[in-house]
Amino acid sequence: MIFRLNRCVLSLVVFPLVGVLSQAGQCLAENGVSGEAPAKPLVKDELPFDQLPEPFSAETGRNEAAENRLKLTTLLTKARLQDHRGDLEGALQTYQRAYRLSPGSPSILQEIVRLGFMLKRNEIASRYAILLAEHKSSMSADALLRIGNYCLEDGQSARAAELYERAVELLKKEDSHAQELGTQFRLLGIYLSLGEPKEAARHADEVSKMIADPEKFGLAEVIEQFSEGGIRATYDQLGEAYLEAGEPNKAEKMFALSEETESKPAMALYHAAKVAAARKEWKVAEDKLQQYLAANYQEAGKAPYQLLLDVMRETAESPAAAQEAVVKQLRPIHDQSPEFAPLAYFLAGLYAENKNWDEVVLTAGPLIEADTNSAALANLCQAYTAQADWPAMVQLLATSLDTRYELTTLTKPLADLIADTEKWSAFQAYLKTVRPESLSLNERIAVARLFQEAGEGETSWTWAETALPDLDKQEKARLLMQFGLKAFRSEQEVVAEKALRAAIKLGMPKSQTSLFYFYLATVLEMQDKTDDALRTAKRAALLDEESALLRSRIPWTLYHAGRTDQAVQEYETLLGKFSSDYDNQQTRQVVREAKRLLSSLASQKGDLDTATEWLEQVLDEFPYDTGAMNDLGYLWVDHGQNLGRGFDMIRQAVADEPDNYAFLDSLGWAYYRLGRYSDAIYQLEKAAELAKDDGTVLDHLGDAYLGAGQKQKAIDTWKKASELLEQADEPEVLSKVLDKLKQQT
């Protein structure tokens with residue numbers, strides 16, 4: 001099992017509050033699940049233990065399937081008893097364990113959903129409701145729609161689409177045409193977002209059929225309010241969907257209906273050109289675009305100019321000739337309306353491709369402050385670099401700052417500037433001649449951020465300090481926070497510490513100051529200042545004792561410092577305080593991460609039972625947590641337990657994330673433990689290719705090669721693994737690899 005702490009985990013993650021399924025009780029009632037608490041027995045159950053028969057002794061041991069059936073029966077019996085006696089929490093967990101022995105069982109899932117909602121653990125109930133909907137064929141359309149909505153909110157678009165598809169079929173049978181229309185349109189959008197235009201077009205067919213005859217479907221009153229922008233916008237969207245699906249004839253029909261609904265000559269010409277281009281009727285497309293340009297239309301923004309270039313590239317002698325012809329046509333139009341940014345920026349892009357930097361500046365420069373555009377900013381950055389126009393560059397940097405005081409729109413051109421030793425030195429020399437007070441506030445901040453991008457932390461901090469006096473207290477705190485986090489992500493911990501300590505001194509409200517301490521504790525620990533980090537983490541926790549996130553920095557610091565016994569103790573204390581808080585979703589994520597780390601620590605100590613129990617608890621609450629599936633499956637397979645279930649869990653994790661090298665490593669190792677060496681090599685080679693330089697993956701691959709009788713390959717792979725493990729400072733794994741090399745050579 002490859003378990004590594006990502007630096008991203010060290011930072012605060014603001015977990016969105018995902019909406020729960022609305023009208024949960026009604027949804028359950030519709031599907032045969034009672035929302036009432038079970039009646040408690042009046043007297044204690046009497047179990048005739050004195051009448052039990054002698055235990056059965058089998059002549060041969062049970063296989064895994066038989067063991068699983070026995071475990072399932074035992075768990076279901078236990079869950080029913082717990083439920084009957086009013087121990088709803090115990091029953092819920094027992095049913096969750098039973099579910100993993102019988103994945104897809106509607107009856108078990110139904111009980112989990114019922115108990116989850118009764119206990120007001122709505123997020124858990126909703127997750128299992130998704131699984132129930134996927135495995136129960138008799139669910140109502142309304143229930144499917146509500147669960148599908150939850151999937152969308154939770155970022156599970158593919159799952160949502162499956163549920164909406166089932167809902168549509170039911171809505172058709174029920175003649176619920178208004179709901180069906182909305183669902184069909186939603187499916188159209190989902191499939192476009194998933195890159196499946198053919199599926200989108202299938203639903204576009206249904207939508208167009210329904211809105212073409214609103215009287216037949218009883219939709220006359222809702223058609224006008226159906227889509228934002230009215231019915232014309234709906235036809236336009238359908239036309240665009242058909243074009244993406246490669247169906248220009250249907251697109252043409254939709255655009256014609258759009259024009260009948262509300263005439264817009266400019267858009268009619270543009271759409272006609274798009275349809276012609278989709279049919280590869282290049283002359284027709286060009287004619288329509290020429291009419292659009294001749295009328296000096298601007299409604300379609302940049303798109304017609306790009307389409308003209310695409311069409312010309314199909315008919316011109318060369319791409320360069322096409323570009324030259326387009327510039328020749330568009331330049332006079334730009335000269336007539338130089339303030340029209342879409343055209344100016346399109347031309348600037350063409351000039352930039354030809355390194356015609358003077359024209360880039362002339363066309364885009366006058367507009368950029370009033371109408372910022374990421375592509376235009378990047379083109380101007382290249383132009384000012386080529387021209388060594390450093391004053392203009394500083395001004396552009398200020399214009400490019402986003403709301404977090406970052407220069408993300410200029411990442412690539414600034415990286416090129418920094419990599420060009422001559423240009424970067426010239427820019428630095430210019431800045432040394434400039435008095436900071438002569439620059440605007442945003443210019444000083446932008447220069448500070450640029451030096452951060454260049455990895456020059458101390459210089460960036462010097463420039464940041466010049467900006468602080470001109471900011472009010474709140475903005476000063478925001479800049480210091482963003483500056484400190486960027487420094488930390490860039491491994492400039494000393495500068496990050498300065499920024500966060502300065503933020504703490506501002507005396508902001510507890511909610512902000514606690515976060516400064518939280519991040520400062522992380523920064524200190526990354527500098528191996530563990531005692532100071534612990535004191536800082538405790539200060540953060542004291543400022544808000546109800547925050548699981550702030551409290552979690554204490555055990556994490558101990559974990560990172562290798563003080564594992566203390567880390568376990570603190571994590572268990574954390575869980576004791578917060579594990580029963582199911583209302584705060586950020587807390588639930590902290591609890592999940594704590595349990596995964598406790599599992600990892602137990603695994604390192606060889607305590608398999610404890611390691612698996614923590615992962616089981618994660619999967620109880622998050623049934624499709626692929627990381628926990630992978631880790632639990634790996635533990636079982638590696639220790640020769642529950643091989644079938646473990647193998648299935650790992651395969652599910654890989655199916656969900658096929659490019660996750662850690663999951664592929666687990667699958668390869670599972671094949672190795674099962675003696676299927678060819679399959680192991682195939683998966684581990686894929687993992688090694690994705691991981692690039694991971695010694696543990698190569699160690700496993702070496703084992704697989706040896707198992708397959710490829711001794712020299714195994715030796716070569718272990719040699720490479722040993723080099724990487726030495727660089728990564730992983731002495732335990734390195735020692736084992738060196739022992740293998742010694743044995744084989």
Side-chain angles (χ1 to χ4, degrees), residues 18-35 99 102-114 116-117 122-211 216-219 222 226-227 237-238 241 245 623-624 652 655-656:
V18 181
V20 299
L21 295 174
S22 59
Q23 304 174 11
Q26 178 186 345
C27 172
L28 295 173
E30 288 169 350
N31 292 282
V33 182
S34 171
Y99 165 73
S102 182
S105 167
S107 59
I108 297 175
L109 287 167
Q110 199 160 292
E111 292 302 314
I112 294 171
V113 172
R114 175 179 66 85
F117 280 125
N122 294 338
E123 291 293 325
I124 295 175
S126 298
R127 293 184 194 109
Y128 281 94
I130 293 171
L131 298 172
L132 174 61
E134 291 175 340
H135 292 95
K136 186 178 180 182
S137 58
S138 58
M139 191 166 278
S140 72
D142 281 348
L144 290 167
L145 289 173
R146 283 194 288 271
I147 299 170
N149 293 343
Y150 176 85
C151 287
L152 270 191
E153 292 173 5
D154 200 36
Q156 302 183 64
S157 299
R159 268 194 160 114
E162 292 176 12
L163 297 173
Y164 288 144
E165 292 279 14
R166 287 172 54 191
V168 160
E169 294 307 311
L170 292 174
L171 291 169
K172 285 180 178 178
K173 294 176 183 177
E174 297 166 6
D175 291 333
S176 298
H177 300 305
Q179 268 190 303
E180 182 198 344
L181 179 62
T183 307
Q184 296 277 16
F185 204 79
R186 177 167 279 187
L187 279 164
L188 184 159
I190 290 173
Y191 283 123
L192 285 178
S193 71
L194 292 173
E196 299 181 37
K198 292 292 184 184
E199 289 298 308
R202 179 167 60 85
H203 290 285
D205 287 342
E206 296 297 319
V207 171
S208 60
K209 179 175 67 177
M210 295 178 80
I211 63 177
K216 175 182 177 182
F217 294 97
L219 297 171
V222 300
F226 174 59
S227 174
Q237 286 175 275
L238 294 172
Y624 32 83
Q652 182 61 56
D656 290 343

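Values reported hereafter were calculated over all heavy atoms of this structure, with side chains retained and with hydrogens, waters and symmetry mates removed. Numbers here are sequence positions counted from 1. Remember, it's a predicted structure, so these values are computed and weren't measured experimentally.
Of all non-hydrogen atoms in Lys198 and Ala245, the two that sit nearest each other are NZ-O, 2.8 Å. Scanning all heavy atoms of the two residues, the minimum distance from Pro106 to Leu132 falls at O-CD1, 3.6 Å. Considering all non-hydrogen atoms of both residues, Ala161 and Leu187 come closest at O-CD2, 3.6 Å. When all heavy atoms of Ser102 and Ile108 are compared, the closest pair comes out as CB-CD1, 4.1 Å. Listed here is the closest heavy atom pair of Ala129 and Val113: N-CG2, 3.5 Å. Between Phe185 and Val207, the closest heavy-atom pair is N-CG2, 3.8 Å.
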- [ ] Step by step, work out the side-chain contact (heavy atoms from CB on, under 4.5 Å) result for Leu109 and His135.
- [x] CA-CA 9 Å; Leu109 287 167; His135 292 95; 4.2 Å; yes
Task: From CA spacing to verdict: side-chain hydrogen bond (donor to acceptor under 3.5 Å, both in side chains), Tyr150, Glu123 - done: CA-CA 10 Å; Tyr150 176 85; Glu123 291 293 325; 2.9 Å; yes
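The CD atom of Gln156 sits 9.5 Å away from the CG atom of Leu163 when rounded to the nearest 0.5 Å. Rounding to the nearest 0.5 Å places CG of Asn149 at 11.5 Å from OG of Ser126.
Shown here are the side chain to side chain contact (heavy atoms under 4.5 Å, CB included) partners of Leu170, two or more places apart in sequence or in another chain: Ala141, Leu144, Glu174. When the salt bridge (charged side-chain N to carboxylate O under 4.0 Å, His left out) test is applied to Asp656, no partner is found at least two apart in sequence or on another chain. Residues that satisfy the side-chain hydrogen bond (donor to acceptor under 3.5 Å, both in side chains) test with Glu180, not counting sequence neighbours, are Gln184. Contacts of Ser107 classified as side-chain hydrogen bond (donor to acceptor under 3.5 Å, both in side chains), with partners at least two apart in sequence or in another chain: Ser105. Residues forming a salt bridge (charged side-chain N to carboxylate O under 4.0 Å, His left out) with Arg186 (at least two apart in sequence, or on another chain): none. Under the side-chain hydrogen bond (donor to acceptor under 3.5 Å, both in side chains) criterion, Lys209 pairs with Glu206, not counting sequence neighbours. When the salt bridge (charged side-chain N to carboxylate O under 4.0 Å, His left out) test is applied to Glu196, no partner is found at least two apart in sequence or on another chain. In this structure Glu165 satisfies the side-chain hydrogen bond (donor to acceptor under 3.5 Å, both in side chains) test together with Tyr191, Arg202, His203, sequence neighbours excluded. The side chain to side chain contact (heavy atoms under 4.5 Å, CB included) test applied to Gln179 returns Asp142, Leu145, Leu171, Ser176, not counting sequence neighbours.
Taking 4.5 Å as the limit, some side-chain heavy atom of Ile190 sits within range of a side-chain heavy atom of Leu152. Arg159 has its side chain within reach of Ile130: a pair of non-hydrogen atoms, C-beta onward, lies under 4.5 Å apart. Within the 4.5 Å cutoff, the side chain of Met139 has heavy atoms near those of the Ile147 side chain.
For residues 164-184, the ring-ring contact (aromatic ring centres under 6.0 Å, His included) pairs, not counting sequence neighbours, are His177-Phe217.
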